Amino acid sequence: MMTDWNAMSDADFRKEVRGFFEAEYPEELRNLPHRPKFAEIAHWHRKLHAKGWVAPAWPAEYGGMGLNAAKLLIFYEEQQRWGVNRGRDMGVQMVGPLIIKFGTQEQKDYWLPRILSCEDIWCQGYSEPGAGSDLANLRTRAEIDGDDFVINGQKIWTTMAHDATHIFMLVRTDPDAPKKQQGISFLLAPMDQSGVEVRTITTLSGETEFCEVFFDNARTPRENLVGELNKGWTMAKALLSFERIFIGSPSLAQNALGQLESFARGRGAFDDPVFRDRFAQAALDVEDHAALYARFADQLKRGETLGADVSMLKIWVTECFQRITELMIEAAGPDGGTIGPLQVGNVGVDVLSSFYKARPGTIYGGSNEIQRNILSKAVLGLPG
Amino acid sequence: MMTDWNAMSDADFRKEVRGFFEAEYPEELRNLPHRPKFAEIAHWHRKLHAKGWVAPAWPAEYGGMGLNAAKLLIFYEEQQRWGVNRGRDMGVQMVGPLIIKFGTQEQKDYWLPRILSCEDIWCQGYSEPGAGSDLANLRTRAEIDGDDFVINGQKIWTTMAHDATHIFMLVRTDPDAPKKQQGISFLLAPMDQSGVEVRTITTLSGETEFCEVFFDNARTPRENLVGELNKGWTMAKALLSFERIFIGSPSLAQNALGQLESFARGRGAFDDPVFRDRFAQAALDVEDHAALYARFADQLKRGETLGADVSMLKIWVTECFQRITELMIEAAGPDGGTIGPLQVGNVGVDVLSSFYKARPGTIYGGSNEIQRNILSKAVLGLPG
Amino acid sequence: MTQTELPTSDQEDLRLLRESARTLFERAGGSGRSRKLRDSGGGWDADMIHELAEAGVFGVTVPEENGGLGMGLAAGGVIAEEVGRVIAPEPVVVTVGLSLGLLRRLCPDHAKMEQLVGGETVLAVAWQERGPNGGPAEASCRYADGKLTGGKAWVVGASSAQGFLVVAQGDAGPVLVLAQAGADGLSVDARRQADGSAMGELSFSGTPAEQLASGDTVQDALADAVSDTTALAAAELVGLSARAFEITLEYIKTREQFDKPIGSFQVIQHRAVDLNVMCEVAQSGVREALGLMDGEADPKVRARLASRAKARAVTAAKKITRDAIQLHGAVGYTDEFDIGLYLNRALVLSAWLGDDAYHRRLWFMAREAEGAA
Amino acid sequence: MTQTELPTSDQEDLRLLRESARTLFERAGGSGRSRKLRDSGGGWDADMIHELAEAGVFGVTVPEENGGLGMGLAAGGVIAEEVGRVIAPEPVVVTVGLSLGLLRRLCPDHAKMEQLVGGETVLAVAWQERGPNGGPAEASCRYADGKLTGGKAWVVGASSAQGFLVVAQGDAGPVLVLAQAGADGLSVDARRQADGSAMGELSFSGTPAEQLASGDTVQDALADAVSDTTALAAAELVGLSARAFEITLEYIKTREQFDKPIGSFQVIQHRAVDLNVMCEVAQSGVREALGLMDGEADPKVRARLASRAKARAVTAAKKITRDAIQLHGAVGYTDEFDIGLYLNRALVLSAWLGDDAYHRRLWFMAREAEGAA
């Protein structure tokens, strides 16, 4: 029978999770600096799958671990602590919960097992060239034609679309709806068809994790509509509620701080009191952020719903992460513009890569400007 | 005959001005930390008056020095360099130019000599409780009643109103004007009457230089209207053009920096490399600001009109001034909260007083937020 | 991860403590009372001292067997936050952190303990000295034959205290002694602070004093009491910052310019959000630090945690009170609005026991020392 | 007050120089050309080197009798600003500041002078060394019997240069020598930089080299040439920052979100204003510093002025390019928009010859030394 993880004590559960990661997670995949293609982590995924741990948050009846909030946080904390790659988890994190909540029995039966096994690998089609911070402004159309939807338009910033078999997307199904948040639907579509073209986007650091996806009369069967027609916006928002604390998790900043410290120590940057002061600022920023994160996590663990104020975690930690990587550049001195690992002692620290990695945090997932707009109205009650 | 100062070389003129200040300005009045009442500086004013130097910018025909922009800058630079108090100069700086530009011959003949002699001492009635950043929102009414205007309403932040004999003010003379910038007039009024009540405002540092002025059926003769009825707003704006570079002058920040340096040196704060770095930042902020100031001053000297971009001087230097005084507080360590002079060597430095003095700069004279609005639209051409 | 997680019962105790302290201060007039005391020349209100004592405030960290509440520093922080919210001038942090912090460690049975807990007396603590360049210096104040000679600086509440706990150099190492206010050869030079309080410089010439403790334990107790006090001062700043922010938020919702509340301008909104985030981070960080101090015996680790708390609290309070003045515009610069009182109190609390840059330095050094150990 | 006030005729010369440099770069394709060069593996364009030489760019500070324009560092700064505006990869600052900076001071009659001014050759300058912890170290590279032994680090343009000017320790003090690219016993380890350029580490084992100068004058000339180069790099950053700001301003005027240009949001507007002010302050400060360097003979004062310039330029360029990415939003993070090129170039120029914190330290030390002198 399934284990009832929630019945375990937090400490025992943490031990169990930690033990598994430490014993089974391949050393060479720890703290991967890039997003892997599936092939690169397939071996690890199979181990997880065999253990039944692919979907910690899903109900056990659908093949998940059925963890409550407290256990889920522990699971993720241990995952981050050990540098376990989250894998190609769009299916597990986004599509699965959507189908579980809004899908038909047929959709559940068909898609969920394929998500767990990674037979289908998903990417997320939300953003469009004209719909960034203003996500509801999307223009990609889907029109019913016989048994299919016919899709035309363009998605952008689609992470790893070039290594995905399916896309879940927000599309406009009623262009005449009075408000732009209306008339949007949630569709699943196969990538492997002539009407879908994927182009990778090169970032300023030379990475190609992001893609543009072009739809030119691409088709998907009508049964791939999830939930009601024209009600996709509300569904998409509902999905985000639990995600909001994770986007503000201290882990990225904490890891970067650790990297900064060992690099600075190796390079002798701590000999400079000015650098020490700025390091101390950054370190205390991370410590005190973690204290605030713990406060919100406690709320979750007590079963409370998080309010809009949880966004402050994301604002603080993404900016903090950036400052830490800027300090790495400083500590590198004349090597601050050099691509690739810089040697300190026996290890190489790639300061530029960290610097680049910290950039998108303030832009994606609702830019920090948008987050401040939300806090201003929803939390502080400021007018207009 | 009058000296034609503008015919002198810049160097000669500077020497002349410097020599006079150094020889004649009373030592005890140098770098006065507060705004003096007239009595305190009357002796110096009489010397200036005898020399014919009360109004450097006024045309010679009205008793001024008739300096061009280049000479005027030199005059002010020397004044600041020697710590010469500007005296009660609202009459010379504001009312005089207004009357010269918009007044009748009778107004010129009557008021200008009295300004030069300080027989009349002026204060400025612009701001009101509901009209701060939004100055045009003023509500003080003036209605014609026989030969007089009858004034009702309230002014606020009226500097040294308790030591003034007259007020020049913007008043609403047509409450039905379609835009709030219209229907405003420029009035001169005597303070010594029963309808005028002055109350000083205590600032958070305990100073009482600012006042509220209440008008309860106060009267002023109709001939004290300057310029056309209901055209006061345009006149007030016209007055500000040359002022705008002075509000961005480096002198306050430079003086504060000098004070910071000697204080920090005396207190041993320079032993701390972190403090040294922050001092260096502040000092370079001032140096580079002075370079930018010089660029605008050169424009003036070449006879060019300054654009809206001159406001950037004010934004930068007022914030810089604040940071410098904040560093003084830091350098004071455990004495950072102490009122009054702190001893270093043989002199006392009043760090708190400097800290307070730096506060209003970002608020008054068009808050820095308003200045940024202006630059955004007028200089950067940003929409909305 | 969540090391400060307290048992639910303790959290409930703290909640009740917070509520009762808040009610007490609000009933007494909140910040309005503090303004009146400042206007009447500084100092504090004797009745308030008694009320606080009755509520157990001064004995919050004193063991129950000595008449205290027997709670920890986290509880002291709760009270300090409430003191900060209404900028109360009463020497709560000084008494809890320094006076009782020394006595309960060095001579828990001394009669002054009970008097301090009961609000019957207030003592000031004199432990720092001023050097020739005006900054802090090595201790040189001496105690011999029952008499004090030398001077002490930065003595909080020097004008109103009924006695002074003085840390001096005795013949056989450091001593803690008690001198009465008005004792022979004692002169107090009080300098007014931005918040209206008095900070004193004491000078002793053969001033009689009673020895309470001696030896290295005095230094150890002093160091630990200073850590407590530093952390409590941080908590006071957190409360002050939170209230300064609330006042400012209220103001920008009501103050209109250009026919709308200034709080409807995006630039003002984002600044308010940043101050709010700063408040919340400070509150969480400082509370966590105090909680960790309660579970920590090593004085060096406790000192590091206190530095973490003070560094954060000062950074936040400076930023919040200064931005609050700017957001208030011209009225923020007057004494008529309360926000200036918060700025002034923040100036004093920030300077006292070291500002943020100072504590970041201590924090880093402590962290390095722990790493090396 | 306005110490940089130049005679109008000089200002006019600088204006003409700026115009011709700008025209030259724009005609050649502006930043698009720089992108193409980067995409084709870094390095520079030989034709462009010739065009620049024809325009007198490399000889801008070389006396007319040596084939240069005989203008000052202020003129060099004008050119460097234009290089920065189009992020041109050609080694203008290295050649003007370092290569020719050394040769014109130490051996103005050497044939390489003319070749460099004429764009017939490009030399890299090797003067720094790397220590065991990866940072800069004392010089230990030796020159004896016509041969070099040891290593040099942070050699800009090492992959494409036709030769290396090396500062080494000779038997009787420092020497400046010239080694040919591809010489015996010379290996070049080139690391790619964020902007696509190559930074080299050289190692010599008995590499033949021609001695050009020796003695203390080598150190003096090097120090002064480094000051020049530092100041010119600052000017390059100023031009880069100005253009990065223009690009960003244009973008926020056109990019729409919520049915209006993002530049109509007050928060975006104020940020743009702050960047604009930062640009203008940097431009004025750096230009003034270069102008003052032209009128200053004391190498210590010149070094202080160079540090002033670089400190300001780096602070501004970091802030402007990073905020520019944020204001561009997601597209700013792609390589498709030019703004990323500016960020990357700013990273390289900021790290080279010391960043802002480094130069503030030097500036303060120089200022103290002058005050004490």
Side-chain angles (χ1 to χ4, degrees), chain B residues 127 129-137 156-157 180 201-208 210 212 263 265-269 271-272 274-275 278 319 322 326-327 329-340 342-345 349 351-352 355-356 359-360 362-364 367-370 372-373, chain C residues 39 128 130-136 153-154 156 191-199 255-260 262 265 267-268 271 314 318 322 325-337 339-358 360-361:
Chain B
S127 296
S133 287
D134 184 12
L135 188 57
N137 199 35
I156 196 168
W157 316 121
K180 62 188 174 186
I201 297 170
T202 306
T203 66
L204 45 80
S205 63
E207 301 281 351
T208 53
F210 300 112
E212 290 176 287
F263 182 71
R265 216 172 279 287
R267 282 290 177 119
D271 297 344
D272 172 12
V274 177
F275 184 84
R278 300 173 68 192
E319 294 173 9
Q322 288 185 345
E326 288 161 15
L327 280 175
I329 301 269
E330 270 188 48
D335 292 324
T338 301
I339 290 172
L342 301 173
Q343 216 58 29
V344 276
V349 176
V351 301
L352 262 191
F355 172 82
Y356 290 129
R359 292 290 122 192
T362 52
I363 299 171
Y364 295 109
S367 74
N368 285 17
E369 288 80 17
I370 296 290
R372 286 186 170 91
N373 286 346
Chain C
D39 289 345
Q128 290 175 291
R130 190 185 287 275
N133 70 1
W154 300 298
V156 174
R191 291 281 310 253
R192 194 170 163 94
Q193 303 292 296
D195 61 351
S197 70
M199 179 91 93
R255 167 70 173 172
E256 296 202 351
Q257 293 276 280
F258 305 103
D259 302 321
K260 46 184 185 170
I262 59 173
F265 291 96
V267 157
I268 305 294
R271 205 172 313 167
V314 171
K318 276 179 179 175
R322 288 166 194 180
I325 298 293
Q326 181 71 18
L327 289 171
H328 272 77
V331 300
Y333 192 61
T334 69
D335 189 52
E336 286 173 42
F337 274 62
I339 196 65
L341 300 179
Y342 285 82
L343 173 81
N344 281 331
R345 180 73 183 141
L347 282 165
V348 173
L349 280 175
S350 297
W352 186 45
L353 302 175
D355 66 7
D356 42 353
Y358 173 85
R360 280 196 302 270
R361 191 162 63 240

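Since the structure is predicted, the reported quantities are computational estimates derived from the model, not experimental observations. Within every chain, numbering begins at 1; the chains are lettered A, B, ... in the order of the sequence lines, protein sequences first and strands thereafter.
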Heavy-atom contact with chain C under 4.5 Å, split by part of L135(B): neither
Chain C contact via I329(B) - which portion, at a heavy-atom distance below 4.5 Å: side chain
Heavy-atom closest pair, residues N133(C) and R267(B): O-CD, 3.0 Å
Residue part contacting chain B, namely of P132(C), when any heavy atom lies under 4.5 Å: neither
Options E336(C), E256(C), M199(C), ranked by heavy-atom pairs under 4.5 Å with chain B, top entry: E336(C)
Residue selection (most heavy-atom pairs with chain C, distance under 4.5 Å) from T202(B), N368(B), V344(B): T202(B)
Side chain / backbone / both / neither for A330(C) at chain B, heavy atoms under 4.5 Å: both
Donor-acceptor contact below 3.5 Å, side chain D134(B) vs main chain Q257(C): no
CA sep, side-chain torsions, deciding dist, call: Y356(B), N344(C), side-chain hydrogen bond (donor to acceptor under 3.5 Å, both in side chains): CA-CA 10 Å; Y356(B) 290 129; N344(C) 281 331; 2.4 Å; yes
Side-chain ion pair, R130(C) and D335(B), N-O less than 4.0 Å: yes
T338(B) and W154(C), any side-chain heavy atoms less than 4.5 Å apart: no
Backbone N/O of I339(B) and side chain of R191(C): donor-acceptor pair under 3.5 Å: yes
Residues L343(C), L204(B); criterion side-chain contact (heavy atoms from CB on, under 4.5 Å); working and verdict: CA-CA 9 Å; L343(C) 173 81; L204(B) 45 80; 3.9 Å; yes
Greater than 12 external heavy atoms within 6.0 Å of F265(C)'s CZ: yes
Contacting region of D195(C) [heavy-atom separation from chain B under 4.5 Å]: neither
Where V348(C) and G337(B) come nearest, the two heavy atoms and their spacing: CG2-O, 4.0 Å
Verdict with supporting geometry, D259(C) and N137(B), side-chain contact (heavy atoms from CB on, under 4.5 Å): CA-CA 9 Å; D259(C) 302 321; N137(B) 199 35; 4.2 Å; yes
Top contributor to chain B contacts, counting heavy-atom pairs under 4.5 Å, from G134(C), A357(C), S350(C): G134(C)
Residue R345(C) versus chain B: region with a heavy atom under 4.5 Å: neither
Rounded distance [0.5 Å steps], CD in Q322(B) versus CD in Q326(C): 6.5 Å
Heavy-atom proximity to chain C below 4.5 Å, by part of E207(B): neither
Validation row: D355(C), E330(B) side chains within 4.5 angstrom (heavy atoms): yes
Interchain contact, R372(B) with chain C, by part (heavy-atom threshold 4.5 Å): neither
Beyond-backbone contact of I201(B) with Y333(C), side-chain heavy atoms, under 4.5 angstrom: no
Audit row: W157(B), V331(C), side-chain contact (heavy atoms from CB on, under 4.5 Å) steps and yes/no: CA-CA 9 Å; W157(B) 316 121; V331(C) 300; 3.8 Å; yes
Chain C interface, residue from G268(B), P360(B), A131(B) that has the most non-hydrogen pairs under 4.5 Å: P360(B)
Interchain contact, I262(C) with chain B, by part (heavy-atom threshold 4.5 Å): neither
K318(C)/E326(B) salt bridge by N-O under 4.0 Å criterion: no
Student check: side-chain heavy atoms of T334(C) and T203(B) closer than 4.5 Å: no
Shortest non-hydrogen separation from A351(C) to G333(B) and the atoms involved: CB-O, 3.4 Å
Residue W352(C) versus chain B: region with a heavy atom under 4.5 Å: neither
